[in-house]
Structures are given as C-alpha cells and as structure tokens.
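In what follows, chains carry the letters A, B, and so on, assigned in the order in which the sequence lines appear, proteins first and then strands, with residues in each chain numbered from 1. These numbers come from a predicted model, not from an experiment. Reckoned from all heavy atoms, side chains included, excluding hydrogens, waters and symmetry mates.
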Protein chains: 2
Amino acid sequence: MASKPAPDNAASDQADQSELLGLVGYNLRRAYLVIQSRFDERMEKHDLRQAEFSVLSVVKSNPGINQKALAEALVVAPPNLATLLDRLEARGLLTRQRNPEDKRAQLVELTTQGAQLCGRALKAAVNADDAAVGRLSVAERRQLKALLRKIFTD
Amino acid sequence: MASKPAPDNAASDQADQSELLGLVGYNLRRAYLVIQSRFDERMEKHDLRQAEFSVLSVVKSNPGINQKALAEALVVAPPNLATLLDRLEARGLLTRQRNPEDKRAQLVELTTQGAQLCGRALKAAVNADDAAVGRLSVAERRQLKALLRKIFTD
DNA sequence: TATTGTTATACTCTATAACTATA
DNA sequence: TATAGTTATAGAGTATAACAATA
C-alpha cells in the first residue's frame with residue numbers, strides 16, 4: 001500500500017485531485033477527452049468530424065429520415081444540423097429532397113459515395129474506440145456501454 | 001418483450017442508431033452531455049463553470065500549486081488557464097503570488113471566500129452527479145468510475 | 001396557429017503563435 | 001537556451017431569435 005514517499009508539498013509531484021475523481025462527471029469528462037482525441041486522429045484522413053460521422057451513420061441506417069428526427073436522435077440543435085448538412089451535401093455525401101407529402105420536410109439520404117465513406121469511417125471509429133479502451137476486456141467494454149446508456153436513456 | 005408495433009419506416013418513430021451505440025465513444029459522449037447539463041443547472045447559482053470548479057477543487061487540495069502543474073492536472077492549455085485564473089482572482093476566490101525561489105512561477109492559493117465557495121460548489125457537484133446517475137446503484141457508480149479511469153490513466 | 005427548416009448571430013471552449021520575464 | 005506565464009487570436013461547438021415556407 002505504501003509504495004511512494006509522501007511529497008512534502010503539493011506541487012512537487014502530481015496534484016491531488018481525489019475530490020474531483022470522486023465524481024462520475026469528472027471521470028466521464030476525462031475519458032471523453034481521450035476517446036475524442038483518438039477519434040479525431042483516425043478520422044482526419046476521412047476529413048470527418050464527430051458530428052459529421054454520426055450524421056452519416058444515422059442517415060445510412062435510416063434512409064429518408066427528416067431533419068427533425070435526425071436532430072433529435074443526435075441531440076443537435078436544428079440550426080446547427082442545417083449547416084452540418086450543407087457541408088456534407090456540398091461534398092456529395094448526401095442529398096436533401098423535399099418530402100412530396102409534406103413539403104416542409106426534407107428527406108435525407110446518403111449518396112453512394114457517402115455510404116462508402118461512412119463504411120470506411122466506421123472502421124476508423126471502431127479502431128479509435130479500441131485504442132481508447134484497449135485496457136478494458138470485451139466484457140468490461142460491454143459493461144461500460146451498458147452503464148453509460150443507463151445515464152442517457154430515458 | 002414485444003411491446004410496440006414495428007414502425008414501417010425509419011422516420012416514423014425513433015431513428016435506429018445501433019451502429020453508433022456500438023461504440024464506447026458515442027455512449028460516452030451522450031452520457032457526458034447529460035451530466036454536463038445537470039452540473040450546469042446546479043452550478044448556475046454559484047456562477048461557476050466546470051473548468052472553474054475543477055480549478056478551485058484542485059487548488060484547495062494543493063495549496064501553492066503552480067500553474068504548470070495545475071494545467072497538466074486538469075488537461076487545460078496554459079493560455080486558457082491564465083484567463084480562467086484571471087476571472088477567479090478578480091472575483092476574490094484565489095490569489096497568485098510569485099514564487100520567491102523561482103520568480104517565473106506563480107503560487108496559486110484559495111482565499112477564505114474561495115474555499116467556502118468551493119465547499120458549497122462541491123455539494124452542488126455531488127448533487128448533479130447523483131441526479132445524472134440516479135439509476136445506477138452505488139456499486140455500479142463505483143464500477144463506472146473505475147472503468148472510466150482505466151481509459152484516461154496512464 | 002403550429003411545424004420544418006433556414007439564416008444570422010453570439011457565446012463558450014479549445015488551440016496556437018508570439019511575446020515577457022526569469023532561470 | 002529553456003521554462004512559466006501571458007496576450008492575442010482563430011477555430012470549433014453550441015445556443016437562441018427571427019424568419020420563410022408549408023401544414
């Protein structure tokens with residue numbers, strides 16, 4: 001238990017942050033920073049940000065989804081989704097078409113190119129995930145996901 | 001098990017995001033958004049942001065810490081820590097003094113007022129934590145923290 | 001009137017380069 | 001020459017109000 005000599009002042013070694021580490025929120029933030037960093041590294045070659053990848057993934061699984069449903073699913077504010085889709089559409093990764101049955105709504109679909117990029121990006125995302133949770137067993141990863149999901153699922 | 005009728009198209013109900021939910025990173029992000037929101041609600045009355053609270057907490061536990069150690073501990077870039085400390089110092093919550101033994105360094109300490117606010121803020125932070133992980137047992141919370149720590153600890 | 005989506009905008013967070021003063 | 005801290009600034013992420021088109 002007593003493995004290292006007690007530092008005689010706080011700044012001499014590593015700062016004590018036991019108070020923060022007692023909070024789930026702080027641990028969550030710190031882990032999120034790591035995984036975000038791994039993700040960005042690996043997604044750079046695809047020129048995709050996290051929000052952009054998540055849009056492609058959900059549109060791929062839900063072809064013809066409208067922007068309201070997409071915004072709700074991804075917890076993105078509609079104005080921000082609009083500009084996000086502008087970029088992806090300009091890159092030829094997806095299309096927006098007015099819904100003939102309700103001309104207010106836009107039907108969003110991936111192009112072939114978008115679907116292909118999404119496939120490659122998923123592999124990079126899985127790779128980033130693995131790099132970040134490399135020290136967790138498969139069972140621990142499953143458990144972690146289940147615990148996290150309890151926090152954000154209604 | 002079969003409680004609701006299967007939707008005949010993706011946009012009719014809730015979007016399928018099983019692909020994203022398979023990633024630890026996405027679950028982490030979604031959980032982080034929830035806890036961040038609870039935290040901000042409860043910290044508003046103390047007029048403290050997350051980074052500000054974390055600074056107060058670490059300085060309280062490490063009186064006389066210098067900014068380099070503080071920046072490293074909290075994973076904040078030094079320029080951003082400088083402006084953060086400017087605000088907290090202007091509010092009379094902490095002091096910066098040049099280290100007489102190395103006049104480049106600043107020794108950071110909480111004022112009495114800062115220590116008092118930090119104490120009240122910690123209660124609010126614990127409360128926010130509880131609100132966010134209310135559906136997890138005590139054992140699950142401990143387990144979640146341990147799993148998260150494995151991700152960001154070297 | 002309510003809803004979908006857009007534009008414009010502002011605010012926070014984060015990152016980098018260039019500087020100062022000390023060592 | 002290297003380090004601690006600062007200033008200035010730019011970029012990304014996020015939030016809100018006001019608007020247009022449609023229902």
Side-chain angles (χ1 to χ4, degrees), chain A residues 11-12 15 25 29-30 32-37 39-41 43-44 47-55 59 64-90 94-108, chain B residues 11-12 15 25-26 28-30 32-37 39-41 43-44 47-55 59 64-90 94-108:
Chain A
S12 69
R29 169 173 168 77
R30 293 292 301 269
Y32 178 61
L33 289 179
V34 169
I35 219 157
Q36 191 175 38
S37 170
F39 184 96
D40 291 345
E41 285 163 13
M43 215 54 94
E44 196 176 3
D47 193 21
L48 282 180
R49 290 175 268 189
Q50 299 175 50
E52 291 171 336
F53 168 65
S54 67
V55 164
V59 173
I65 191 172
N66 65 38
Q67 295 185 202
K68 183 173 195 333
L70 194 50
E72 274 173 13
L74 297 174
V75 196
V76 175
N80 299 330
L81 181 60
T83 57
L84 216 166
L85 291 175
D86 285 345
R87 285 200 302 274
L88 296 173
E89 192 175 23
L94 55 79
T95 59
R96 284 188 276 194
Q97 296 173 262
R98 288 285 162 195
N99 182 347
E101 291 167 20
D102 181 346
K103 289 192 205 138
R104 293 172 302 183
Q106 303 262 45
L107 303 176
V108 185
Chain B
S12 68
Y26 184 71
L28 209 42
R29 171 174 167 75
R30 293 293 302 269
Y32 179 60
L33 289 178
V34 169
I35 219 159
Q36 193 175 38
S37 170
F39 184 96
D40 291 346
E41 286 163 13
M43 215 54 93
E44 197 177 1
D47 192 20
L48 282 179
R49 290 175 267 189
Q50 298 174 53
E52 292 171 335
F53 168 65
S54 67
V55 164
V59 173
I65 190 171
N66 65 39
Q67 294 185 205
K68 184 173 193 334
L70 194 51
E72 274 173 14
L74 296 174
V75 197
V76 175
N80 299 329
L81 180 61
T83 56
L84 217 166
L85 290 176
D86 285 347
R87 285 201 302 273
L88 296 173
E89 193 176 21
L94 54 81
T95 59
R96 282 188 277 193
Q97 296 173 262
R98 287 287 162 193
N99 182 347
E101 291 168 21
D102 180 346
K103 290 193 204 134
R104 293 172 303 183
Q106 303 261 45
L107 303 177
V108 186

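- B/Gln97 has its CD atom 16 Å from the C1' atom of D/dG5, to the nearest Å.
- Of the side-chain N and O atoms in A/Gln106, one or more sit less than 4.0 angstrom from OP1 or OP2 of C/dT6.
- When rounded to the nearest whole Å, the span between CD of A/Gln67 and C1' of C/dT7 equals 13 Å.
- Side-chain N/O atoms of B/Arg29 include none lying less than 4.0 angstrom from OP1 or OP2 on D/dG13.
- Taking atom CD on A/Glu101 and atom C1' on C/dT4, their separation rounds to 15 Å, with Å as the unit.
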### Task
Begin with the C-alpha distance, continue with both residues' side-chain angles, and end with the deciding distance and a verdict on side-chain contact (heavy atoms from CB on, under 4.5 Å) for A/Leu74 and B/Tyr26.
CA-CA 10 Å; A/Leu74 297 174; B/Tyr26 184 71; 3.6 Å; yes

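- Taking a 4.0 Å limit (strictly below) on heavy-atom distances, residues 78-90 of chain A reaches DNA chain D at A/Pro79, A/Asn80.
- Atom-to-atom, CG of A/Leu74 to P of D/dG13 comes out at 14 Å; the value is rounded to the nearest Å.
- For B/Lys103, the listed nucleotide lying nearest its side chain is C/dT22; candidates were D/dA12, C/dT22, D/dG5.
- Projected onto DNA chain D by closest heavy-atom contact, A/Asp102 and B/Leu33 fall at different nucleotides, the more 5' of which corresponds to B/Leu33.
- Closest to the side chain of B/Arg104, from the set D/dA4, C/dT6, C/dT4, is D/dA4.
- Distance, B/Phe39 CZ to C/dC13 C1': 15 Å, rounded to whole Å.
- If you measure from atom CG of A/Leu107 to atom P of C/dT4, you get 13 Å, rounded to the nearest angstrom.
- In terms of the side chain to side chain donor-acceptor pair (under 3.5 Å) criterion, residue partners of B/Arg104 (sequence neighbours excluded) are, by chain and number, B/Asp102.
- Atom C1' of nucleotide C/dC11 and atom CD of B/Glu44 are separated by 15 Å, given to the nearest angstrom.
- For A/Arg96 and C/dT6, the shortest distance from a side-chain N or O to OP1 or OP2 is below 4.0 Å.
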### Task
For A/Asn66 and A/Asn99, run side-chain contact (heavy atoms from CB on, under 4.5 Å): C-alpha distance rounded to whole Å, both residues' side-chain angles, the deciding distance at 0.1 Å, then the answer.
CA-CA 9 Å; A/Asn66 65 38; A/Asn99 182 347; over 6 Å; no

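- Between the C1' atom of C/dA23 and the CG atom of B/Asn99 lies a distance of 12 Å, rounded to the nearest Å.
- Here B/Arg98 pairs with nothing under the side chain to side chain donor-acceptor pair (under 3.5 Å) rule; sequence neighbours left out.
- Checking C/dT12, C/dT16, D/dA23 against every side-chain atom of B/Arg49, the shortest atom distance belongs to C/dT12.
- Under 4.0 angstrom from either OP1 or OP2 of D/dT14 there lies no side-chain N or O belonging to B/Gln36.
- Crowding of B/Glu41 atom CD: a count of heavy atoms from other residues, nucleotides or ligands under 6.0 Å exceeding 12.
- A/Asp40 contributes atom CG, which lies 10.0 Å from atom CZ of A/Arg49 (distance to the nearest 0.5 angstrom).
- Atom CG of A/Leu88 and atom CG of A/Leu94 lie 5.0 Å apart (nearest 0.5 Å).
- Of the side-chain N and O atoms in B/Gln50, none sit less than 4.0 angstrom from OP1 or OP2 of C/dT12.
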